Amino acid sequence: MLTGRPKVLRIGVCSLADARPLLARHYAAGMPARVCCVLGAWLEIRDGSDRSDTPDEFHPEPTLVGVLTVSHPTLNDRWRARAWPGVFEISDKRERALALNASVRRISRVVVLPRVRGMGIATALVRAYLRRALTERTEVVAAMGEWCHCFKQAGMRAVECAPIERDVKLA
């Protein structure tokens with residue numbers, strides 16, 4: 001973890017090209033499909049000086065330390081009926097797909113550099129997205145959600161779902 005001089009976290013829109021090195025650190029292989037938004041978290045180290053004649057080397061460039069990607073939702077998730085009862089129970093597949101794509105986005109990746117984990121950067125990224133979400137509903141499928149509480153700390157709720165039969169048999 002970084003210590004010493006004061007730190008400022010800036011969150012904003014990030015290019016996918018700039019985010020790729022961090023996204024390569026995610027435990028899930030490959031990129032999520034249909035990414036429609038990327039937020040980045042830049043950490044700035046300040047020396048406390050506000051003099052205009054201070055040399056540039058005392059104000060290092062902000063470092064991209066975290067990213068969040070948002071994607072279109074998958075069409076068939078069995079837990080969705082528990083999360084939003086009756087909302088997407090549309091028999092026509094095309095109409096259901098249109099309704100999902102119009103009103104749901106999925107936070108598909110949240111990655112923070114190991115040296116700055118535990119500083120609340122992941123939670124800050126999730127909160128920043130939720131404040132200006134692209135749609136009225138946001139979902140996350142978090143395999144690491146039991147250990148990483150950034151979604152819950154940002155105000156999201158967990159929807160428990162029983163394991164499917166084939167997974168139970170495999171276990």
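Keep in mind that this is a model prediction, so the values were computed, not measured. FYI, side chains are in, hydrogens and waters are out, and symmetry mates aren't considered; it's all heavy atoms of this structure.
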Practice item. Return the set of residues passing side chain to side chain donor-acceptor pair (under 3.5 Å) with Thr69 (not counting sequence neighbours), or none when no residue passes. Key: Ser108
Practice item. For Arg10, look at atom CZ and say whether over 12 heavy atoms of other residues, nucleotides or ligands are found less than 6.0 Å away. Key: yes
Point to revise | ILVMFWY network linking Val110 to Leu16, side-chain heavy atoms under 4.5 angstrom | key: yes
Revision key, fill the gap. Distance col, row His149:NE2 vs Lys152:NZ, nearest 0.5 angstrom, shows 7.5 Å
Study note, to complete from the structure: Contacts satisfying salt bridge (charged side-chain N to carboxylate O under 4.0 Å, His left out) that involve residues 97-113 (not counting sequence neighbours) are Asp77-Arg106, Arg106-Glu139
Practice item. Start with the C-alpha gap between Met31 and Arg20, add the side-chain angles, then the distance that decides, and say whether side-chain contact (heavy atoms from CB on, under 4.5 Å) holds. Key: CA-CA 9 Å; Met31 285 291 295; Arg20 280 190 197 283; 3.7 Å; yes
Practice item. Please answer whether the main-chain N or O of Gln153 pairs with a side-chain N or O of Arg127 as donor and acceptor at a distance below 3.5 Å. Key: yes
Exercise for review: Check Val67 against Ala19 and note the closest heavy-atom contact, atom names and distance.
Suggested key: CG1-CB, 3.7 Å
Check your understanding: Is Leu23 reachable from Leu125 through a run of I, L, V, M, F, W or Y residues, each pair having side-chain heavy atoms under 4.5 Å apart?
Key -> yes
**Study point:** Qualifying residues under side chain to side chain donor-acceptor pair (under 3.5 Å), relative to Ser15, sequence neighbours excluded
**Key:** Asp18
Check your understanding: Heavy-atom count around Arg94 CZ within 6.0 Å, excluding the residue itself: above 12?
Key -> no
Review point. Do you know the tightest heavy-atom contact between Ile90 and Arg96?
Key: O-NH1, 2.9 Å
Check your understanding: Does the side chain of Val65 reach to within under 4.5 Å of the side chain of Trp42, using non-hydrogen atoms?
Key -> no
Check your understanding: Which heavy atom of Ala142 sits nearest a heavy atom of Phe151, and at what distance?
Key -> CB-CE1, 3.9 Å
Practice item. Output, in order, the C-alpha distance, side-chain angles, deciding distance and verdict of side-chain contact (heavy atoms from CB on, under 4.5 Å) for Val38 and Val13. Key: CA-CA 6 Å; Val38 181; Val13 175; over 6 Å; no
**Study point:** Val126 vs Ile107 side-chain heavy atoms within contact, under 4.5 Å
**Key:** yes
Review point. Taking side chain as C-beta onward, heavy atoms only, is Arg115 less than 4.5 Å from Thr63?
Key: yes
Check your understanding: Are the side chain of Tyr129 and the backbone of Cys37 linked by a donor-acceptor contact shorter than 3.5 Å?
Key -> no
Practice item. State whether the side chain of Arg80 and the backbone N or O of Glu89 hold a donor-acceptor pair below 3.5 Å, judged by distance alone. Key: no
Check your understanding: Linking I/L/V/M/F/W/Y whenever their side-chain heavy atoms sit closer than 4.5 Å, directly or via other members, would Leu98 and Val87 fall into one cluster?
Key -> no
Review point. So, for Pro85 and Arg82, which heavy atoms are closest and what is the spacing to 0.1 Å?
Key: CD-O, 3.8 Å
**Study point:** side-chain contact (heavy atoms from CB on, under 4.5 Å) assessment of Leu9 paired with Ile121
**Key:** CA-CA 8 Å; Leu9 186 68; Ile121 294 170; 4.0 Å; yes
**Study point:** Heavy-atom side-chain contact between Val35 and His72 under 4.5 Å
**Key:** no
Practice item. Report the C-alpha separation of Met156 and Leu130 in whole Å, then their side-chain angles, then the decisive distance to 0.1 Å, and conclude whether the side-chain contact (heavy atoms from CB on, under 4.5 Å) test is met. Key: CA-CA 9 Å; Met156 298 183 85; Leu130 293 175; 3.7 Å; yes
Point to revise | Minimal non-hydrogen separation, Asn101 against Pro73, with atom names | key: OD1-CD, 3.8 Å
Review point. Can Val141 be reached from Leu68 by stepping across I, L, V, M, F, W or Y side chains whose heavy atoms are under 4.5 Å apart?
Key: no
Review point. Within a strict 4.5 Å, meaning less than it, do heavy atoms of the Val8 and Leu43 side chains meet?
Key: no
Point to revise | Ile164 side chain near Arg78 side chain, heavy-atom distance below 4.5 Å | key: yes
Study note, to complete from the structure: Residues Leu39 and Cys14: closest non-hydrogen pair is C-CB, 3.9 Å
